[in-house]
> 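Mind looking over this structure? Questions follow.
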Amino acid sequence: MLPVNEHQRAKPMLLRRVLSVLIRAAVLVMLLFILDKLLPSISQQTQSFVVSKWQQLSLLQQALPTEDSLPSPLPEQNLTDTWGAARSQGRSHEGIDIFAARGTPIQSTTQGIVRKVGENNLGGRVVVIVGPGGAGHYYAHLEDYADIAPNDWVNAGDIIGYVGDSGNAKGTPPHVHYGIYINGSAVNPYPFLQKN
């Protein structure tokens, strides 16, 4: 048996040890709770990143579009080759314009990864999709976007936006400007599109 003084000292030490264990247990529980909340998010982000990179690599291995291989972004509308037409500030037209009623759904001409859903000065509301062979498919002057976001996968025929007159097309008849970029350079998209 402990002498009285030592017995009195043992109680606070025991109390400190119990309190220390309880604090450590509480911190551990909090850390486990935080990890439980974060891990699914981190896991999902990692999985999404890996899938996106795999899709990119897969697209780069595929062939570039060929003549008459792509469906029109506006299947019911007539296509006219407006490539190279004069534009303001000495520019030439780097795409084709396809006219339709405001709000007409615009379809992706290709499978691919959405790279941009946003605005720029000339194009207004734009969508950019990277398709097979790394070709960029550019849709401009949209009235509005479909429910898509960067890094989404789309298939040919998926709706990506709606015909409008945004950007420097304000006040012109509603249309979509459609362009294709290969290795960073604009190419005439007209030959690639299937004609009605």
Side-chain angles (χ1 to χ4, degrees), residues 44-45 47-49 51-83 93-182 184 186-196:
Q44 187 176 16
Q45 289 173 359
Q47 182 180 4
S48 176
F49 177 79
V51 168
S52 176
K53 291 303 173 193
W54 179 259
Q55 289 170 332
Q56 282 178 337
L57 289 172
S58 172
L59 284 172
L60 291 174
Q61 301 302 314
Q62 296 175 28
L64 288 164
T66 57
E67 193 171 312
D68 296 319
S69 67
L70 301 174
S72 172
L74 297 173
E76 302 300 316
Q77 305 304 316
N78 289 328
L79 298 178
T80 303
D81 189 354
T82 57
W83 170 265
H93 198 218
E94 293 186 343
I96 65 170
D97 291 335
I98 309 169
F99 294 87
R102 183 178 305 279
T104 301
I106 301 166
Q107 298 178 11
S108 177
T109 60
T110 184
Q111 67 177 4
I113 299 170
V114 177
R115 274 293 153 246
K116 180 175 183 172
V117 178
E119 295 194 25
N120 67 35
N121 290 336
L122 295 176
R125 292 181 192 93
V126 303
V127 171
V128 177
I129 296 170
V130 176
H137 299 261
Y138 176 74
Y139 307 81
H141 308 311
L142 280 60
E143 178 74 14
D144 202 359
Y145 310 106
D147 186 18
I148 58 172
N151 296 320
D152 283 355
W153 178 266
V154 295
N155 291 306
D158 287 354
I159 296 173
I160 57 165
Y162 303 91
V163 170
D165 67 348
S166 60
N168 69 351
K170 201 67 171 161
T172 66
H175 65 281
V176 63
H177 168 97
Y178 175 63
I180 296 179
Y181 292 80
I182 296 177
V187 297
N188 186 351
Y190 184 78
F192 296 101
L193 294 173
Q194 300 164 0
K195 316 311 181 275
N196 290 343

> Go through Y139 and T109 one step at a time and tell me if the side-chain hydrogen bond (donor to acceptor under 3.5 Å, both in side chains) criterion holds.
CA-CA 10 Å; Y139 307 81; T109 60; 3.1 Å; yes
> Charged N to carboxylate O below 4.0 Å: is that the case for R125 and D144?
no
> Are the side chain of H175 and the backbone of D97 linked by a donor-acceptor contact shorter than 3.5 Å?
no
> For residues P75 and Q107, report the shortest heavy-atom separation together with the two atoms involved.
CG-OE1, 3.6 Å
> Roughly how far, to the nearest 0.5 Å, is CD1 of I129 from CD1 of I180?
11.5 Å
> State whether the side chain of S166 and the backbone N or O of L142 hold a donor-acceptor pair below 3.5 Å, judged by distance alone.
yes
> About how many Å separate CD of E143 and OG1 of T104, when rounded to the nearest 0.5 Å?
10.5 Å
> Are I96 and D81 side-chain neighbours, meaning at least one heavy-atom pair lies under 4.5 Å?
yes
> Quick check on N155: does its CG atom have over 12 non-hydrogen neighbours (other residues, nucleotides or ligands) under 6.0 Å away?
yes
> Do the rings of Y178 and H137 sit parallel, tilted or perpendicular, given the 30° and 60° boundaries?
parallel
> Roughly how far apart are L59 CG and T110 OG1, rounded to 0.5 Å?
7.5 Å
> Nearest 0.5 Å, what's the OH-CD1 distance between Y162 and I106?
9.5 Å
> D165 side chain to G171 main-chain N or O, any donor-acceptor pair under 3.5 Å?
yes
> So is K116 actually on top of Y138's ring, under 6.0 Å and inside 45° of the axis?
no
> Could you work out, with side-chain contact (heavy atoms from CB on, under 4.5 Å) as the rule, every residue matching R115, not counting sequence neighbours?
Q56, I113, V128, V130, N151
> Of the non-hydrogen atoms in L64 and A135, which two are nearest, and what is the gap between them?
CD2-CB, 3.9 Å
> What heavy-atom pair brings A101 and P174 nearest, and what distance separates the two atoms?
C-CB, 4.4 Å
> Drop me the distance from Y190's OH to S72's OG, to the nearest 0.5 angstrom.
10.5 Å
> If you look at every heavy atom in Y145 and E119, which pair is closest and at what distance?
OH-CG, 3.7 Å
> Looking only at heavy atoms, which two atoms of Q55 and W153 are closest? And how far apart?
CD-CE3, 3.5 Å
> Quick check on D147: does its CG atom have over 12 non-hydrogen neighbours (other residues, nucleotides or ligands) under 6.0 Å away?
no
> When rounded to the nearest 0.5 angstrom, what distance separates NE2 in H177 from NE2 in H141?
6.0 Å
> Return the minimal non-hydrogen interatomic distance between P71 and A156, and the atom names on each side.
CG-CB, 4.4 Å
